Amino acid sequence: MQTHVIIVAAGRGSRAGGDIPKQWQILRGKPVLAHTLAAFAGWPVTLVIHPDDRARAEALFPGLPLVLGGATRSDSVRAA
């Protein structure tokens with residue numbers, strides 16, 4: 001059996017405040033999402049993102065499998 005990591009980062013993070021969703025905000029010099037991905041280095045990962053974030057995700061994480069999220073978190077998880 002193989003484990004695969006699905007990181008659901010398609011939300012807008014509006015409660016966190018700021019001009020951009022919280023997963024893209026900078027923490028210690030890199031986006032919050034980069035810290036999450038680093039925690040799973042060496043594991044197969046699929047990143048679920050909001051359609052508006054596709055270019056940003058492709059630029060920051062080239063080659064990482066991306067899935068576009070849905071209208072709700074459960075829709076996003078199902079898409080992955």
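Keep in mind that this is a model prediction, so the values were computed, not measured.
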**Student:** Looking at CD1 of I6 and CZ of F40, how far apart are the two atoms once the value is rounded to the nearest 0.5 Å?
**Tutor:**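 If we round to the nearest 0.5 Å, I6:CD1 and F40:CZ are 11.5 Å apart.
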**Student:** Does I20 share a hydrophobic cluster with F61, counting links as ILVMFWY side-chain heavy atoms below 4.5 Å and allowing steps through other members?
**Tutor:** yes
**Student:** Keeping the roles fixed (side chain from H35, backbone from L27), state whether a donor-acceptor pair exists under 3.5 Å.
**Tutor:** yes
**Student:** Looking at side-chain heavy atoms only, is the closest gap between I26 and P31 below 4.5 Å?
**Tutor:** yes
**Student:** May I ask whether L60 and V5 are part of the same hydrophobic cluster, defined by side-chain heavy atoms of I, L, V, M, F, W, Y residues being less than 4.5 angstrom apart, directly or through others?
**Tutor:** yes
**Student:** Roughly how far apart are L68 CG and D75 CG, rounded to 0.5 Å?
**Tutor:**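 Rounded to the nearest 0.5 Å, the CG-CG separation comes to 13.0 Å.
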**Student:** Below 4.5 Å, heavy atoms only, C-beta onward: do V67 and L47 meet side chain to side chain?
**Tutor:**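 Counting from C-beta outward, V67 and L47 never come under 4.5 Å.
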**Student:** Could you tell me whether the side chain of V48 reaches within less than 4.5 Å of the side chain of L66, counting heavy atoms only?
**Tutor:**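 The answer is no, as the side chains (C-beta and beyond) never meet within the 4.5 Å cut-off.
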**Student:** Under 4.5 Å between any side-chain heavy atoms of Q23 and I49, yes or no?
**Tutor:** no
**Student:** I want to check something: taking the side chain as every heavy atom from C-beta on, are Q2 and P44 in contact at a cut-off of under 4.5 Å?
**Tutor:**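 Sidechains of P44 and Q2: in contact.
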**Student:** Do R12 and D53 come within less than 4.5 Å of each other through their side chains, counting heavy atoms only?
**Tutor:**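 Yes, at least one pair of side-chain atoms sits under 4.5 Å.
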**Student:** For G11 versus P21, what's the shortest heavy-atom pair and its separation?
**Tutor:**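 For G11 versus P21, the nearest heavy atoms are O-CB, 4.0 Å.
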**Student:** Between V32 and W24, is there a side-chain heavy-atom distance shorter than 4.5 Å?
**Tutor:**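 Answer no - side chains too far apart.
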**Student:** With a 4.5 Å limit on heavy-atom distance, are the side chains of L64 and V45 in contact?
**Tutor:**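 They are in side-chain contact.
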**Student:** Considering all heavy atoms of both residues, which atom of G69 and which atom of A10 are nearest to each other, and what is their separation?
**Tutor:** CA-CB, 4.0 Å
